[in-house]
Number of protein chains: 4
Amino acid sequence: MGNTFGKLFRVTTFGESHGGAVGAIVDGCPPRIAISQSEVQVELDRRRPGQSSVTTPRDETDAVHILSGIFEGQTLGTPIALLVHNKDQQPQAYDHLKDVFRPSHADFTYQQKYGIRDHRGGGRSSARETVGRVAAGAIARKLIQPVEIVAWVRRIHDLEAAVDPARVTREEVEAQIVRCPDPVVARKMVEKIHALKEAGDSVGGVIEAVARNVPVGLGEPVFDRLEAELAKAMLSLPAVKGFEVGSGFGGTYLTGSQHNDPFYNDGGTVRTRSNHSGGVQGGISNGEDVVIRVAFKPTATIAKKQDTVDAKGQDTELAARGRHDPCVLPRAVPIVEAMMALVLADHLLRWKAQCGS
Amino acid sequence: MGNTFGKLFRVTTFGESHGGAVGAIVDGCPPRIAISQSEVQVELDRRRPGQSSVTTPRDETDAVHILSGIFEGQTLGTPIALLVHNKDQQPQAYDHLKDVFRPSHADFTYQQKYGIRDHRGGGRSSARETVGRVAAGAIARKLIQPVEIVAWVRRIHDLEAAVDPARVTREEVEAQIVRCPDPVVARKMVEKIHALKEAGDSVGGVIEAVARNVPVGLGEPVFDRLEAELAKAMLSLPAVKGFEVGSGFGGTYLTGSQHNDPFYNDGGTVRTRSNHSGGVQGGISNGEDVVIRVAFKPTATIAKKQDTVDAKGQDTELAARGRHDPCVLPRAVPIVEAMMALVLADHLLRWKAQCGS
Amino acid sequence: MGNTFGKLFRVTTFGESHGGAVGAIVDGCPPRIAISQSEVQVELDRRRPGQSSVTTPRDETDAVHILSGIFEGQTLGTPIALLVHNKDQQPQAYDHLKDVFRPSHADFTYQQKYGIRDHRGGGRSSARETVGRVAAGAIARKLIQPVEIVAWVRRIHDLEAAVDPARVTREEVEAQIVRCPDPVVARKMVEKIHALKEAGDSVGGVIEAVARNVPVGLGEPVFDRLEAELAKAMLSLPAVKGFEVGSGFGGTYLTGSQHNDPFYNDGGTVRTRSNHSGGVQGGISNGEDVVIRVAFKPTATIAKKQDTVDAKGQDTELAARGRHDPCVLPRAVPIVEAMMALVLADHLLRWKAQCGS
Amino acid sequence: MGNTFGKLFRVTTFGESHGGAVGAIVDGCPPRIAISQSEVQVELDRRRPGQSSVTTPRDETDAVHILSGIFEGQTLGTPIALLVHNKDQQPQAYDHLKDVFRPSHADFTYQQKYGIRDHRGGGRSSARETVGRVAAGAIARKLIQPVEIVAWVRRIHDLEAAVDPARVTREEVEAQIVRCPDPVVARKMVEKIHALKEAGDSVGGVIEAVARNVPVGLGEPVFDRLEAELAKAMLSLPAVKGFEVGSGFGGTYLTGSQHNDPFYNDGGTVRTRSNHSGGVQGGISNGEDVVIRVAFKPTATIAKKQDTVDAKGQDTELAARGRHDPCVLPRAVPIVEAMMALVLADHLLRWKAQCGS
């Protein structure tokens with residue numbers, strides 16, 4: 001039952017890494033939203049493996065099929081089924097993982113919880129599950145226009161870029177294979193990723209994201225605050241260990257008089273002079289940029305030999321074979337954007353339900 | 001519709017700060033759980049104002065009434081209604097806030113979203129709403145026994161305590177009015193809070209919490225991962241700007257070989273040597289301690305004069321009157337514990353539904 | 001978890017018959033709906049016991065307290081807590097039911113399911129639970145204006161009234177204590193109820209209801225069709241055994257050419273010449289009157305001696321004491337109306353979310 | 001958002017009649033349930049068109065593809081994606097329906113609600129949507145073993161069969177193409193259907209269903225009573241206008257002393273002597289057979305010429321072309337069974353969550 005996200009704009013994903021297909025059903029989308037298959041595909045292409053030297057060399061084309069819910073280029077208001085067949089499967093490549101638990105992976109917990117698991121490529125716990133999220137996010141983006149969402153790699157390990165959330169563009173992000181819009185830092189990030197890959201190791205970092213032009217009023221007190229829903233969305237992604245909105249943990253070093261965002265009248269519009277709130281006050285968007293940061297741990301799959309246990313609980317060693325991302329952040333950028341779009345789409349509909357005219 | 005938390009152990013809170021009452025309905029609680037009114041009251045007493053020199057001097061006794069769902073000391077399996085009447089109301093004390101928006105409060109966003117607001121004491125956006133959460137959390141704690149939840153103030157501003165999540169006790173926490181179990185740091189924290197209160201300012205910090213004895217298998221991939229639900233629970237609290245599980249943001253400075261938690265056989269039980277995962281792998285509890293950290297911003301209500309706008313959008317100034325917490329963290333400790341208990345109770349029932357025998 | 005109704009206009013009821021209180025929380029109500037306490041009270045007075053010779057002589061004034069969500073006569077958009085304290089309690093009157101299962105009541109199933117039950121007055125299974133529904137329904141009615149809902153007793157046992165759903169008024173219904181708008185049949189119904197009461201027996205019948213001025217477009221294919229939601233709403237009431245919309249069971253004796261409702265242009269509006277559909281086509285309202293019928297079984301509590309078993313499963317006999325309704329239909333009329341209002345309110349908001357501008 | 005059924009055993013269907021595919025996602029299914037593709041296929045074959053002279057001659061093989069959630073013959077506890085590609089499409093056969101509203105169909109209401117519709121074969125409102133329900137129901141049946149569900153045609157127009165719900169077998173039902181287990185009445189039903197088909201007309205009737213071996217304790221007071229969920233399940237099917245449980249409308253002609261089901265001790269088990277309750281008391285199963293009846297209106301699509309309006313609201317005439325079922329009941333039998341299985345599966349998991357050990 002944990003495979004559905006959203007209350008009104010509802011996304012249900014399905015699929016194991018090496019089963020027949022992965023995908024999503026989007027239910028609740030308003031009718032008459034124009035959407036083409038290529039608008040979905042372009043987002044999937046940003047997520048797909050094999051796109052650059054900093055991602056896994058696995059080549060998955062991930063072509064999307066829209067099976068329902070769209071008629072003559074427009075949404076019908078009925079469920080939209082999005083399907084991507086699994087290809088480039090080398091199930092035998094995973095035989096050595098059938099009876100051993102990879103450290104800091106989901107192998108152990110799935111086996112304990114369900115008493116069964118599809119060990120091939122991580123099965124349901126594979127990041128391949130996010131294919132459905134990205135496809136659904138492409139539709140959400142159309143729905144929430146003119147809201148503009150941009151995410152980027154802000155930090156890899158200790159290499160941090162200074163990026164202005166108010167101005168950064170998707171083009172600047174996409175110009176770098178590592179998806180950090182600062183070209184100088186981006187180059188160093190690529191070098192570090194290559195070096196760690198050589199060493200059979202991996203690395204993590206922080207993705208930052210902004211939503212601009214968010215209307216005032218999105219978010220529901222008390223449990224479904226906009227920041228609470230964003231936090232859940234981000235922590236639901238594989239490898240995420242932390243979340244911040246606005247000033248985040250850093251803001252706790254300020255006093256109230258330093259941290260409060262003064263209101264002022266900006267030519268008829270109420271604005272705030274600073275944005276420590278990150279665009280959200282009392283759980284509701286205030287019209288300023290919504291700014292979040294997401295911490296991704298270093299990839300758990302590494303080539304170095306590690307201590308672990310086997311399916312019988314006996315101590316053993318494991319060194320991963322196969323093709324993996326030494327750093328998930330470049331490919332996670334479109335996924336973070338997709339989740340942000342899903343949250344905003346859901347709350348846009350919720351706003352319409354309760355507060356719309 | 002955002003006033004309900006949980007899928008199976010469902011808590012719906014209600015009430016404005018200065019309306020007739022605040023409270024909660026707990027639906028889905030299993031039958032035959034022994035619970036007394038005093039077990040609920042003790043948690044409310046930890047949350048209540050006026051308990052020490054570092055909290056607001058408002059005196060709210062917050063006596064709980066259990067109106068349904070409990071019969072002869074045991075839960076019936078029917079909805080449990082928990083009610084706390086509002087007292088010590090000085091509504092006229094809020095007249096000066098009727099037509100002005102307090103910076104970094106919910107006044108502006110509520111007014112914009114709903115076109116109406118109860119301006120007295122923040123209305124629904126008041127932290128008084130958490131009364132219902134704490135009362136419901138007291139029931140959840142009984143349900144999830146022998147799980148043990150302890151939270152504490154880890155940092156106020158730049159004053160940080162070193163606390164061992166594996167060993168810290170509730171008694172150590174409660175021994176300090178600031179709820180930091182390190183007596184030396186706690187004393188400095190109290191001094192800092194007093195000083196900022198004197199200066200008409202406020203301060204924030206970080207609360208850390210642990211759940212011990214959590215069974216393996218709680219948490220639902222993919223969207224309802226245990227850490228995602230905890231993140232939502234915490235970000236749904238007033239003043240929270242950040243969340244971490246396990247290694248959090250700090251873990252992004254490690255490599256995969258440093259960060260991975262090696263499994264080993266500990267006398268027949270599979271354990272991990274380190275706990276960067278924070279007790280959760282693949283969204284599911286792995287039997288290790290679940291450890292989280294929550295960032296609380298400095299209290300928005302300060303006595304210092306601030307720039308803001310009035311209800312007509314005109315620039316004006318505001319200095320808060322009345323009695324407020326210069327630092328919310330000491331009283332937030334039981335609230336963080338309550339939310340953690342609610343998440344675990346919900347997922348315990350979800351585990352029973354899908355994986356129980 | 002089964003104590004909440006609706007997806008967007010969400011009503012959670014609570015309370016046992018002889019606990020502290022019964023009531024409801026309404027979440028999701030739009031802001032700025034004008035509602036007074038007396039508008040809620042008037043509906044509760046139609047439901048209350050002791051109102052006439054055909055209802056139970058128990059005297060429950062059932063005064064409603066609105067504890068939250070309404071400010072200066074208008075909804076805030078926050079949860080509305082509605083509370084009715086339980087009075088006229090004679091718990092010792094139920095001591096003889098502690099260890100015996102009343103036939104065709106919920107005593108046995110509650111005991112088996114929960115392993116515990118509040119035996120006083122049926123506890124949670126008492127029709128007293130509907131107090132919360134009726135109070136919430138009064139708010140729903142305000143929300144869905146100008147939709148007009150009228151229900152009436154169409155049949156008691158074999159005494160059936162011919163009533164035109166298109167024209168019957170609430171005043172005509174309320175003019176008869178049995179709530180059948182046909183005065184001649186109503187008089188016979190009262191006589192029959194009195195006679196059966198004398199005989200220590202009880203009787204059932206059929207309530208019919210209409211919603212007029214329902215906008216086109218309410219109802220959600222496929223599972224949440226308007227008629228499916230109405231059916232669930234009605235079967236969720238105590239003593240209900242059947243539901244019909246439009247032609248119902250009788251329509252199965254027609255052929256398709258007789259049953260289909262031809263469309264025609266009525267001065268610019270598309271209408272249907274007949275209304276076998278009952279105002280719903282493909283699960284969505286078509287603008288015609290929504291007409292339903294609900295079958296209520298004879299009251300299970302009777303004074304006649306009956307065979308049954310005790311708490312140990314041993315055969316025994318039971319004759320009910322106390323004060324009961326010999327026929328629930330007169331008091332069920334406002335309850336049926338309330339449930340119909342709740343369904344329409346929920347779907348109005350759902351329409352706004354997905355299809356509203 | 002109305003395309004998901006169930007709270008814990010959750011089924012989301014998707015697909016238009018003439019889009020790429022129809023199907024369902026089943027979320028929440030427990031792990032390690034053995035299920036084969038052929039067990040799903042056999043139910044779809046009972047539903048498929050073209051199976052006999054009393055159904056539409058359209059030939060849809062409806063081969064199911066299981067794309068996820070099942071591994072080596074067992075459920076994984078992850079979402080089960082069930083897909084059936086649409087074939088035998090003759091979209092041009094529907095060109096004449098693009099700009100006209102078929103009487104008593106969903107064309108008008110869909111167009112009004114969504115402002116767009118897929119006119120080919122009814123689009124989403126087609127009974128083809130039930131493919132996903134039947135496939136999901138096949139899995140639910142495995143989960144709820146040893147519960148046994150049998151449905152049958154009890155009445156076509158005025159031809160009624162006397163069938164004993166306690167004894168009727170699936171084999172007896174399947175032995176007749178009209179799925180009425182009484183061979184004599186069945187033959188007359190076939191003749192009547194053939195005659196009405198010749199006349200360009202259609203016919204409806206009543207399906208009865210029983211669930212045997214249902215454990216005591218399923219069903220949730222107060223809104224999610226077992227009978228309420230069954231009523232919703234059945235009214236969510238196309239063409240359904242009425243629902244009864246146990247004594248239904250007929251029971252309203254009895255008095256309480258006639259209608260009550262006396263308990264007795266049957267060799268250690270508490271049973272009832274009669275079953276007017278239909279296996280449900282207080283919303284909860286009591287261990288007796290759960291018996292329901294469902295009224296299906298005559299098929300709306302008929303060859304006879306009918307009055308209607310076109311897309312511009314102008315009066316016009318319409319005579320259906322193409323291949324339709326003159327009576328939906330024979331093919332609806334497996335659909336009714338599937339919905340009953342989905343309700344029971346959901347409530348079995350709900351019971352485990354709250355009341356399981």
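As the structure is a prediction and not an experimental result, all values here were calculated from the model. Chain A is the first sequence line, chain B the second, and so forth, proteins listed ahead of strands; every chain is numbered from 1.
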| At their closest point, which heavy atom of B:K113 faces which heavy atom of A:I284, and how far apart are they? |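 Heavy-atom minimum between the residues: CD-CD1, 3.7 Å.
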Is [X] in contact with chain B via its backbone, its side chain, both, or neither, using a 4.5 Å heavy-atom distance?
X      : answer
A:T299 : backbone
A:A353 : side chain
A:H105 : backbone
A:M339 : side chain
A:F296 : backbone
A:S285 : backbone
A:T4   : backbone
A:V216 : side chain
A:N260 : both
A:E129 : side chain

| request: Identify whether the distance between the nearest side-chain nitrogen and carboxylate oxygen of B:D307 and A:R273 falls below 4.0 Å. | output: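 No, this pair does not count.
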| field | NZ/NE/NH1/NH2 to OD/OE distance under 4.0 Å, A:K241 and B:E244 | value |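 Between B:E244 and A:K241 there is no salt bridge, as every charged N stays at least 4.0 Å from the carboxylate O atoms.
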| field | Side chain B:H259, main chain A:P298, donor-acceptor under 3.5 Å | value |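 A pair under 3.5 Å: no.
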| query | Within the side chain of B:D201, is there an N or O that forms a donor-acceptor pair under 3.5 Å with the backbone of A:G256? | reply |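 Flag set: sc B:D201 to bb A:G256 pair under 3.5 Å.
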Heavy-atom distance under 4.5 Å between the side chains of [X] and [Y], does that happen here?
X      : Y      : result
A:H276 : B:S104 : no
A:L235 : B:R225 : no
A:K297 : B:T252 : no
A:Y253 : B:R155 : yes
B:T272 : A:F108 : no

| query | Going from CD on A:Q258 to OG on B:S202, what distance comes out if it is rounded to the nearest 0.5 angstrom? | reply |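 One gets 9.5 Å once the value is rounded to the nearest 0.5 Å.
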| task | Look up atom CG in B:D315 and atom OH in A:Y264, then write down how far apart they are to the nearest 0.5 Å. | result |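 Atom-to-atom, B:D315:CG and A:Y264:OH are 9.5 Å apart.
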Residue [X] versus chain A: region with a heavy atom under 4.5 Å:
X      : value
B:L237 : backbone
B:N265 : both
B:S257 : both

| request: Under 4.5 Å, counting heavy-atom pairs only, tell me which of A:G283, A:P215, A:P326, A:G219 racks up the most with chain B. | output: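 Most pairs with chain B among the choices: A:G219.
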| said: Let's test your reading of the structure: which of A:G251, A:G122, A:G205 forms the most heavy-atom pairs below 4.5 Å with chain B? | reply: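 Most heavy-atom pairs under 4.5 Å with chain B: A:G205.
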